[in-house]
Amino acid sequence: MELSKNYIPAVTEDKWYTHWLAKNYFTSQPDSRPAYTIVIPPPNVTGVLHMGHTLNETVQDILIRKARMSGFNTCWVPGTDHASIATEAKVVSMLQERGIKKEDLSREEFLKYAFEWKEKYGNIIYNQIAKLGCSVDWNRTTFTMDDHYYKAVIKVFVDLYNKGLIYRGARMINWDPAAKTALSDEEVEHRDVVGKLYYIKYKVVNENDNRQQTTDKFNYIVIATQRPETIMGDTAVCANPGDERYGNLKGRSVLVPLIDKAVPVIFDNYVDKEFGTGILKITPAHDINDYNIGLKHNLPVVDTLNEDGTMSEAAQIYVGEDRFVVRKKIVAQLREKGLLVKEEEYSTRIGYSQRTNAVVEPKISTQWFLKMKELAQPALDAVTSGKVSIHPGEKFNATYKYWLENVKDWCISRQLWWGQQIPAWYDEKGRFTVAETEEEARKGMSDQQSPLIKTGSILTRDEDVLDTWFSSWLWPIEVFNGITSPGNNEIKYYYPASVLVTGQDIIFFWVSRMIMAGMEYMHEKPFSDVYFTGMVRDKQGRKMSKSLGNSPDLLHLIREYGADAVRFGIMISAPAGNDLLFDEGSLEQGKHFNNKLWNALKLIKMWSARHEQDETQKSQDTNGELGKDNEAINGNLEKSSNDFAIIWFQNRLNEARIEVDKLMKEFRLSEALKTIYSLIWDDYCSWFLEWIKPKYGQNIDQNAYNDAVIFFEGILQLIHPYMPFITEEIYHLLKEREDDLVVKQFGNTIFPDEEILQLGNKLKDVISSIRDVRNKNNIKPKESIRLYIETQESSSYNTLQQILKRQVNAEFVKFNTSPGNAAIPIVVGKEKISIETNIEIDFEGQKEKLLKDLDYLKGFLNTVDRKLSNDKFVRNAKPEVIELERKKKSDAEEKITMIEQSLQQ
RNA sequence: GGGAGCAUAGCUCAGUUGGUUUAGAGCAUCUGCCUUACAAGCAGAGGGUCCGCGGUUCGAACCCGUGUGCUCCCACCA
């Protein structure tokens with residue numbers, strides 16, 4: 001069979017993915033094996049996957065595939081998140097483009113559009129996941145608004161309500177005027193901005209005091225504010241009780257500018273005398289601090305804003321105009337009236353809605369809240385006790401702990417349609433009951449002996465839906481129906497999941513809350529390990545975003561480089577826990593790596609083709625004597641030189657396996673990949689295959705060929721979790737077989753023989769050093785050389801000689817004899833090697849190199865000597881350390897002697 | 001304002017309880033090769049005041065202190 005020049009991913013990828021699915025390799029049923037479970041962080045159905053997802057999914061697939069090949073019953077559950085506010089915002093703007101207003105639609109009509117949207121983007125996402133090669137169990141696909149999932153969320157809401165953890169009440173919340181909904185604290189992003197601080201005059205009212213104020217000073221006070229448009233909501237001004245400047249204002253009132261509303265002057269320790277003018281306006285409806293002060297001093301609340309951020313009737317002026325427009329107008333008006341004393345630049349932090357990017361307004365509103373303190377404690381313990389371990393822990397343990405220790409109640413209601421509707425029913429008088437269904441609610445109402453219910457009056461369901469995270473926090477449980485059907489076989493088998501792989505940005509939104517839900521509903525952690533990936537940035541370190549145009553399209557990349565190369569490229573540059581600088585160059589590197597594997601396959605296929613051809617010829621040859629003789633001679637010679645290559649690579653492979661296992665257990669996936677990369681490129685291709693490569697026109701020794709194939713299978717298996725497609729393809733091209741690499745089990749760990757590895761390193765060193773000399777002296781590859789090695793261990797060369805000769809094109813190697821002619825001396829380790837050649841050589845250059853080495857070694861010896869002659873060192877250091885230093889000393893001395901000898905020649 | 005993390009080659013990073021470390025890898029760079037698997041390749045090479053300063057120690061890239069510079073998280077001072 002003819003192999004293409006280079007590896008072509010497109011055909012291969014679809015072929016194997018289809019095959020794996022047909023064989024049901026990714027589907028999981030509980031059985032006697034240990035389970036290895038991962039629940040995918042369900043991507044939002046707001047759009048397509050970006051590079052951050054790509055990184056996350058790749059990491060999960062690597063872990064799952066490794067586990068699948070290591071005896072586990074692996075289950076990777078795919079799914080998507082309805083992403084309440086984010087998706088609703090997208091659907092609303094999509095409708096807007098089509099000229100449809102949300103206000104003109106009924107809830108049902110709107111939901112129909114939303115589900116269409118979900119269907120479209122959900123499928124794109126699933127397609128992307130499949131193209132990337134993710135081995136998810138497609139039978140388990142879950143959406144956070146599936147029927148059972150919806151029920152689970154409702155059930156949990158009712159349960160928490162009955163436990164007294166959910167309550168309804170008017171509180172100061174974060175209001176998103178664009179989406180017209182409440183937000184949780186976590187959904188507000190604070191950004192530094194330079195704003196303005198306006199100093200505004202408030203006139204002092206004199207009605208209770210007949211004395212005429214003589215100085216202008218007491219006719220008005222000056223108050224600083226960043227938000228002059230809120231003055232109409234002022235219901236007091238406040239100073240520190242110890243502030244003498246304002247002592248005489250006790251019991252007096254001031255007039256709110258523009259609307260001339262009289263509000264009292266009050267006193268509270270909250271006010272900092274040093275800051276601003278030392279007196280502050282109190283606007284209870286639009287600032288959390290003011291609200292608290294208002295409560296304390298019994299102030300009325302005047303809400304001057306409508307839901308959409310325009311001024312309300314209560315504002316009296318500029319009604320219906322947007323707050324930021326009004327700000328400008330009010331400033332202008334104040335200035336005109338001489339009430340604006342000054343403006344100064346002021347840097348502050350402003351809260352923006354994470355989803356709509358609108359400036360969030362603090363607002364008093366009746367919402368549903370979840371008490372967090374009780375839920376937080378077990379979640380905190382789970383991490384501090386080490387039941388759940390976070391990677392990288394040093395970075396996130398403290399953050400996690402801090403948040404849970406200071407957690408506030410969670411506002412869980414949203415004024416949206418896309419989501420689980422809150423299961424609370426109200427009667428005409430506004431009395432409500434919480435229940436899973438209307439029937440239950442009716443029953444609940446009658447239990448409360450409401451006369452209205454008994455007569456069968458109409459109940460209205462709460463219009464609001466739940467925060468999207470109030471559904472996602474059940475994800476690891478309800479994907480196995482653990483809430484709706486507690487104690488079922490699957491939840492018992494798969495829960496808790498092994499590892500959660502997600503972005504560090506949702507540690508509070510999701511990770512901590514899943515742990516809470518897990519502890520509350522399963523009395524068990526939801527996962528053992530949390531692996532946080534960093535953020536994907538572009539080459540220049542900028543965040544990837546649509547507006548910058550630096551966020552590449554995943555399917556595009558797969559088409560261009562192949563899925564394996566994309567996976568390789570992203571993993572090779574993803575240091576554990578750090579941000580990843582995405583550079584297409586690394587995908588290019590992945591493509592090259594694919595090609596390297598492909599070419600190794602071509603080489604081996606070539607060997608086998610020649611071998612088969614030969615076999616056929618031999619069987620056709622009735623005499624066969626000649627062929628037999630030739631094989632005997634060549635075979636023996638090749639064989640002895642191949643022996644070492646084989647035993648060396650066997651050990652090198654074992655060594656790499658152990659290292660990779662260790663690294664992967666520590667989630668150091670990038671380093672594990674580097675280890676495998678180097679094993680394949682350097683050790684297998686550059687060294688091993690070259691060592692066993694037969695001379696031109698000759699056949700490979702059968703043993704060497706067989707082992708080369710076995711080793712190839714071994715390295716394919718190691719790299720498979722990272723690059724599933726090409727490895728499966730090569731595995732099958734290597735020889736005909738029934739089994740598939742994707743489920744090939746790793747055998748037991750075999751520890752490598754250190755001595756053989758050392759010997760291999762020595763051989764590589766010697767070869768490289770001699771090649772260096774050849775390079776520097778322009779000795780052409782065809783030009784042969786002769787080697788004279790001075791060594792105490794000439795016997796160690798018994799097995800290395802043949803390889804050495806072949807790799808440096810030496811006619812012969814002689815031990816402990818001097819060359820007849822001038823030769824280039826080099827020192828490798830403790831051995832002196834003289835290279836004799838027929839061509840002109842640059843002795844001066846070589847001498848320089850030796851002198852440089854000598855310099856280094858002398859300096860090195862010096863530091864060792866200093867240590868050994870230091871009394872305190874000899875007394876304090878551990879014996880093995882001293883022994884080591886002595887060895888360093890003697891080694892260095894031997895090397896120096898060798899070099900000095902060489903220089904004398 | 002509070003907290004966390006980081007600083008090692010041009011770039012991205014290793015360096016696992018302080019001792020074969022006068023420091024490694026990949027990429028990039030340079031030199032020589034179209035050598036019969038692979039020029040998407042082969043064989044080599046060069047490149048570092050381990051952020052500055054001080055300390056602990058027989059010994060510091062590693063531990064402590066301090067300064068500087070980045071990054072991130074949290075927070076209701078008008």
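Predicted, not measured: the structure shown is a model, and the values here were computed from it. Letters go in sequence order (proteins before strands), and every chain restarts at 1. Worth knowing before you read on, the calculation uses all heavy atoms, side chains too, and leaves out hydrogens, waters and symmetry mates.
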Next on the checklist: Any residue in residues 593-603 of chain A with a heavy atom nearer than 4.0 angstrom to RNA chain B? Just list them by number, or reply none.
Outcome noted: Asn595(A), Lys596(A), Asn599(A), Ala600(A), Lys602(A), Leu603(A)
Checklist entry - Reckon Cys238(A) touches a base, only the sugar-phosphate, or nothing at all at heavy-atom distances under 4.0 Å? => result nothing
Checklist outcome for this item: Separation of U20(B) atom P from Leu868(A) atom CG, nearest Å, is 13 Å
Item to check | A9(B) to A14(B) separation - P atoms, rounded to the nearest Å | outcome: 13 Å
Next on the checklist: Would you say Tyr677(A) places a side-chain N or O within less than 4.0 Å of OP1 or OP2 belonging to C27(B)?
Outcome noted: yes
Next on the checklist: Just to be sure I understand the rule, does Arg227(A) reach a base, reach only the sugar-phosphate, or reach nothing, if contact means heavy atoms closer than 4.0 Å?
Outcome noted: nothing
Item to check | For Lys543(A), all residues meeting side chain to side chain contact (heavy atoms under 4.5 Å, CB included), sequence neighbours excluded | outcome: Met535(A), Arg537(A)
Checklist entry - What is the nucleic acid contact for Asp290(A), judged by heavy atoms within less than 4.0 Å: base, sugar-phosphate only, or nothing? => result nothing
Checklist entry - Lys395(A) near the nucleic acid: base, sugar-phosphate alone, or nothing, with a heavy-atom cut-off under 4.0 Å? => result sugar-phosphate
Item to check | Sugar-phosphate only, base, or nothing, as touched by Leu884(A) at under 4.0 Å among non-hydrogen atoms | outcome: base
Item to check | U57(B) base / Lys872(A) side chain donor-acceptor hit below 3.5 Å | outcome: no
Item to check | Distance in angstrom units between Asp871(A) CG and C58(B) C1', rounded | outcome: 9 Å
Item to check | Any Ser686(A) side-chain N or O less than 4.0 Å from OP1/OP2 of A43(B) | outcome: yes
Checklist entry - Parallel, tilted or perpendicular: which fits the ring planes of Phe508(A) and Trp403(A), with parallel below 30° and perpendicular above 60°? => result parallel
Checklist entry - Between Lys695(A) (NZ) and U35(B) (C1'), how many Å, whole number? => result 15 Å
Checklist entry - Considering residues at least two apart in sequence or located in another chain, which fulfil the side-chain hydrogen bond (donor to acceptor under 3.5 Å, both in side chains) criterion with Ser890(A)? => result none
Item to check | Sugar-phosphate only, base, or nothing, as touched by Asn870(A) at under 4.0 Å among non-hydrogen atoms | outcome: sugar-phosphate
Next on the checklist: Between A7(B) and C13(B), how far apart are the two P atoms, rounded to whole Å?
Outcome noted: 10 Å
Next on the checklist: Between the base of C76(B) and the side chain of Asn289(A), is there a donor and acceptor pair under 3.5 angstrom?
Outcome noted: yes
Item to check | Below 4.0 Å: OP1/OP2 of A39(B) and any side-chain N or O of Lys5(A) | outcome: yes
Checklist entry - Rounding to a whole Å, what distance do you find between Ile350(A):CD1 and A78(B):C1'? => result 14 Å
Item to check | Where RNA chain B forms stems, i.e. three or more consecutive Watson-Crick or G-U pairs with both distances under 3.5 Å | outcome: B:1-7 with B:68-74, B:10-13 with B:24-27, B:29-33 with B:41-45, B:51-55 with B:63-67
Item to check | Pairwise C1' distance, G15(B) and U21(B) [rounded to whole Å] | outcome: 9 Å
Next on the checklist: Quick check: closest heavy atoms across Phe712(A) and Ile730(A), and the distance to 0.1 Å?
Outcome noted: CZ-CG2, 3.9 Å
Next on the checklist: Using the side-chain hydrogen bond (donor to acceptor under 3.5 Å, both in side chains) criterion, which residues pair with Asp185(A)? Sequence neighbours excluded.
Outcome noted: Asn174(A)
Checklist entry - Below 4.0 angstrom from OP1 or OP2 of A37(B), is there any side-chain N or O of Lys693(A)? => result yes
Checklist entry - Using the C1' atom in both, what is the distance from U29(B) to C11(B), to the nearest Å? => result 12 Å
Next on the checklist: Using the rule salt bridge (Lys or Arg N to Asp or Glu O under 4.0 Å), only one of Lys888(A), Lys895(A), Lys887(A) pairs with Asp891(A); which is it?
Outcome noted: Lys887(A)
Checklist outcome for this item: Residues passing the side-chain hydrogen bond (donor to acceptor under 3.5 Å, both in side chains) test with Asn777(A), sequence neighbours excluded, are none
Next on the checklist: For Leu857(A) and Trp607(A), find the nucleotide of RNA chain B closest to each by heavy atoms; which residue's nucleotide sits nearer the 5' end?
Outcome noted: Leu857(A)
Next on the checklist: Checking Lys805(A) now: which residues fulfil salt bridge (Lys or Arg N to Asp or Glu O under 4.0 Å) with it, not counting sequence neighbours?
Outcome noted: none
Checklist entry - In chain order, what residues pass the salt bridge (Lys or Arg N to Asp or Glu O under 4.0 Å) check against Lys408(A), with sequence neighbours excluded? => result none
Checklist entry - Counting only side-chain N and O atoms of Thr283(A), is one of them less than 4.0 Å from OP1 or OP2 of A78(B)? => result no
Checklist entry - For Val271(A), which contact category applies under a 4.0 Å heavy-atom criterion: base, sugar-phosphate, or nothing? => result base
Checklist entry - For every nucleotide of nucleotides 69-75 of chain B, 5' to 3': is a protein heavy atom under 4.0 Å from its base (B), only from its sugar-phosphate (S), or from neither (-)? => result ----SSB
Checklist entry - When you compare U49(B) with A37(B), how far apart are their P atoms, in angstrom units rounded to a whole number? => result 43 Å
Checklist entry - When all nucleic acid strands are considered with a 4.0 Å heavy-atom cut-off, which category describes Glu885(A): base, sugar-phosphate, or nothing? => result nothing
Checklist outcome for this item: Applying side-chain hydrogen bond (donor to acceptor under 3.5 Å, both in side chains) to Asn292(A) and not counting sequence neighbours gives none
Checklist outcome for this item: Atom CD of Glu405(A) and atom C1' of A4(B) are separated, to the nearest Å, by 14 Å
Checklist outcome for this item: Assign each of Arg771(A) and Phe275(A) the nucleotide of RNA chain B bearing its closest heavy atom; nearer the 5' end lies the nucleotide of Arg771(A)
Checklist entry - Between Glu361(A) and Lys363(A), does at least one N-O distance fall below 4.0 Å, as a salt bridge requires? => result no
Checklist entry - Starting at NZ of Lys878(A) and ending at P of U57(B), how long is that distance when rounded to a whole Å? => result 18 Å
Checklist entry - Rounding to the closest angstrom, what is the interatomic distance between C62(B) and G18(B) at atom C1'? => result 6 Å
Next on the checklist: Any donor-acceptor pair, under 3.5 Å, between the side chain of Glu671(A) and the base of A25(B), if you only look at N and O atoms?
Outcome noted: no
Checklist entry - Between A61(B) and G55(B), how far is it from one P atom to the other, in whole Å? => result 15 Å
Checklist entry - Are OP1 or OP2 of A37(B) and a side-chain N or O of Tyr7(A) less than 4.0 angstrom apart? => result no
Item to check | side chain to side chain contact (heavy atoms under 4.5 Å, CB included) against Ser389(A), all qualifying residues, sequence neighbours excluded | outcome: His391(A), Asp529(A)
Checklist entry - Touch check for Lys852(A), heavy atoms < 4.0 angstrom, all strands: base, sugar-phosphate only, or nothing? => result sugar-phosphate
Item to check | Identified side chain to side chain donor-acceptor pair (under 3.5 Å) partner of Lys281(A) from the options Asp287(A), Thr230(A), Asp290(A), Thr235(A) | outcome: Thr230(A)
Next on the checklist: Whole angstroms only, please: what is the CD-P distance between Gln807(A) and U35(B)?
Outcome noted: 17 Å
Checklist outcome for this item: Atom CE of Met172(A) and atom C1' of C76(B) are separated, to the nearest Å, by 10 Å
Checklist entry - If you measure only the distance, is there a donor-acceptor pair under 3.5 Å linking the side chains of Ser869(A) and Asp865(A)? => result no
Checklist entry - How would you label the contact of Asn775(A) with the nucleic acid (heavy atoms, under 4.0 Å): base, sugar-phosphate, or nothing? => result base
Item to check | C70(B) versus G54(B) - spacing of their C1' atoms, nearest Å | outcome: 23 Å
Item to check | Residues that Asn870(A) engages under side chain to side chain contact (heavy atoms under 4.5 Å, CB included), provided they are two or more places apart | outcome: Lys872(A), Phe873(A)
